[in-house]
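Written below as structure tokens is the structure these notes are about.
Here is the naming used below: chain letters follow the sequence lines, and residue numbers restart at 1 for every chain.
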Amino acid sequence: MRLMYFAWVRERIGLPKEEFASDASTVLELISELRQREDRYDLAFSDMSAIRVALDQELIEDLNTSLEGVSEVAFFPPMTGG
Amino acid sequence: MRLMYFAWVRERIGLPKEEFASDASTVLELISELRQREDRYDLAFSDMSAIRVALDQELIEDLNTSLEGVSEVAFFPPMTGG
Amino acid sequence: MDIRVQDAPFTFGEIAQEFASGHAHMGAIVTFTGVVRDSDTDDLDYMEIEHYPGMTEKAIETYANQAKERWSLGDVLVIHRYGVLRPGDMIMMVATAAPHRVDAFQAAEFLMDYLKSRAPFWKKEVTADKTTWVEAKSEDEDALSRW
Amino acid sequence: MDIRVQDAPFTFGEIAQEFASGHAHMGAIVTFTGVVRDSDTDDLDYMEIEHYPGMTEKAIETYANQAKERWSLGDVLVIHRYGVLRPGDMIMMVATAAPHRVDAFQAAEFLMDYLKSRAPFWKKEVTADKTTWVEAKSEDEDALSRW
């Protein structure tokens, strides 16, 4: 799947996006996998209250949401538009 | 004092304004005097719930307000600006 | 503060652009524009707006000052026309500039509610076969109670 | 419905004028314009807005459709810029046209509240000596609860 990072999440991880092969069945499992990869991921996801998630460009509220059929997962801080 | 009439009050009375010498001490007394002058005044003031009053260009709520020192009294229907 | 009561048309876009420019500390600009609506049967020939010269300007200034006391505002503009207007013509506009959006919105709505029911304007609608004074709506009067 | 996400500047007044014209059954036009505010110490060099191409347009369209379902609206326009903006530059605008003023105001406020906290934009402020990601405000999140 494609992972997308925005704003300071992008800066902490050091990438705007990447392809990542994962067997995670939920968002929470995917985050655990990423945190174990490297410190920069662990740091980026250390405070999940500051992270928002979109699956295929739709915001989700619950980190237990299934990743089945999802091709793009985006992680970013709370939005500051307007 | 100067009396001013607007919108359908003006049309019913048939004048935009007039000078009128009155000894009325309140707005209510002035209206009674006017109603006794002629039918067109009586008709214009027959439903006071549909009439708004300004003294020297300030809206008033209470018809018992004193006319002391007032030089301009205006009568008109509820306003429809905007 | 800029208050204009006039029979001449105004160009909303130009005035809005000028109002919105050059306020480096005002993050939020709100405008409201009132347009003459045609009747449901599209037969409105024209609308005629009467006002009370002198009182009109004073009343609008009073409400604009009240808005500046209640909200954090950088600037306020009100233009209101009188005379003959046709469907699609712009009757009036309000513009507010504030550091934050809530103040700009609230002040503009407050001004609109007061202009509707407390500024001395009266509207007459003229079609081919009749002339009608627009009646004040009870919901416009009720709208004032929220302030 | 007209939704534009762009890095190019836009001329608020021209777009507002065009939007407000030619709606003979829409009596009320509301616009909101967001302007880059300088810092309290006037040292903001520029702001950089990042967004999520694709999702941004979809999210705005979703909220605009929700507004059209909730209120009686004739038309909706949203423009939001991304990229580098300087103090005084216009970041975004919303415009709504409705038969009555309450719908036009409510829809514009609803859209603003959702654009603030639910459209994927992020602002970074750059001064001579530091770079800061703007933090989301709890009052912006709270504002959503009224809808």
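No other option in C:His100, C:Met93, C:Arg86 has as many heavy-atom pairs under 4.5 Å with chain D as C:His100. In terms of heavy-atom pairs under 4.5 angstrom with chain C, the leader among D:Ala95, D:Ala28, D:Ala104 is D:Ala28.
At a heavy-atom separation below 4.5 angstrom, chain C is approached by D:Lys137, D:Asp140, D:Ala143 within residues 118-147 of chain D.
Put simply, the side chain of C:Val35 reaches to within 4.5 Å of the side chain of D:Ile29, judged on heavy atoms. Between D:Arg101 and C:Asp113, the closest side-chain pair of non-hydrogen atoms falls below 4.5 Å.
Heavy atoms closer than 4.5 Å to chain C are found nowhere in D:Asp89, neither backbone nor side chain. Using a 4.5 Å cut-off between heavy atoms, D:Ser39 contacts chain C through its backbone alone, with no side-chain atom that close. Contacts between D:Val36 and chain C at a heavy-atom distance below 4.5 Å involve the backbone alone (N, CA, C, O).
In plain terms, the two heavy atoms of C:Met90 and D:Ser21 that are nearest each other are CE-OG, 4.4 Å.
Between C:Thr33 atom OG1 and D:Met26 atom CE the span is 14.5 Å, to the nearest 0.5 Å. Separation of atoms CZ (C:Phe12) and CD (D:Gln17) is listed at 7.0 Å; rounding is to 0.5 Å. The CD atom of D:Glu14 lies 9.5 Å from the CD atom of C:Glu14; values are rounded to the nearest 0.5 Å. Note: C:Arg37 CZ to D:His25 NE2 = 8.5 Å, rounded to the nearest 0.5 Å.
The aromatic rings of C:Phe105 and D:Phe105 sit perpendicular, their planes meeting at an angle over 60°, well past the 30° parallel limit.
Heavy atoms of other residues, nucleotides or ligands lying less than 6.0 angstrom from CZ of D:Phe10 number more than 12. The 12-atom threshold is not exceeded at CG of D:Asp40, counting heavy atoms of other residues, nucleotides or ligands nearer than 6.0 Å.
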